Amino acid sequence: MILLKGEDKARSLDERVERFLKKYAYEKLTVIDTKEYDLPGIDTRFRAYFTPVILNLCLVESLTPAMQAKTGLSQKTRRYYGVVDY
């Protein structure tokens, strides 16, 4: 399980999901929390606006290459919804 935690109005829901997952899927849980990323020069009031950027970078730069290495499939191959009818 991968939980993406942002710093917007939905954070309380993210924290609720995290508590649930820690209880039931702890060994398989990875949490990516934007609060753990330093944004020098960005006022805390505006960090929520950067949540999508941070999470996208984490997914595209870290997770996607790791998934490609593990599965041996490119990102385009895994996107079955554009390839087959369902």
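From a predicted model like this one, the values you see are computed outputs, not experimental measurements.
No donor-acceptor pair closer than 3.5 Å links the side chain of Asp14 to the backbone N or O of Leu3.
Nearest heavy-atom pair, Ala48 versus Pro52, reported as atom, atom and distance to 0.1 Å: O-CD, 3.9 Å.
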For this session: Go through the steps for Ile2 and Leu4 under the test side-chain contact (heavy atoms from CB on, under 4.5 Å), then give the verdict.
Result: CA-CA 6 Å; Ile2 300 171; Leu4 306 174; 4.0 Å; yes
Exercise. Run the side-chain contact (heavy atoms from CB on, under 4.5 Å) check on Lys23 and Arg19 step by step: do they pass?
Worked result: CA-CA 6 Å; Lys23 187 174 180 181; Arg19 285 190 301 273; over 6 Å; no
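Shown here are the side-chain hydrogen bond (donor to acceptor under 3.5 Å, both in side chains) partners of Thr34, two or more places apart in sequence or in another chain: Glu7.
Hydrophobic clustering, defined by side-chain heavy atoms of Ile, Leu, Val, Met, Phe, Trp and Tyr closer than 4.5 Å, groups Leu57 together with Val53.
Checked against the 6.0 Å centroid threshold, Tyr24 and Phe20 count as a close aromatic pair.
Between Lys22 and Glu18 there is a salt bridge, with a side-chain nitrogen of the basic residue lying less than 4.0 Å from a carboxylate oxygen of the acidic one.
Leu21 and Leu13 fall into different hydrophobic clusters, defined by Ile, Leu, Val, Met, Phe, Trp and Tyr side-chain heavy atoms under 4.5 Å apart, directly or through other members. Linking ILVMFWY residues whenever their side-chain heavy atoms come closer than 4.5 Å, directly or via other members, leaves Ile32 and Val60 in distinct clusters.
Applying the salt bridge (Lys or Arg N to Asp or Glu O under 4.0 Å) definition to pairs two or more places apart or across chains, those involving residues 24-36 are Lys5-Asp33, Arg11-Asp33.
Between the CG atom of Leu63 and the CD atom of Gln68 there is a distance of 11.0 Å, given to the nearest 0.5 Å.
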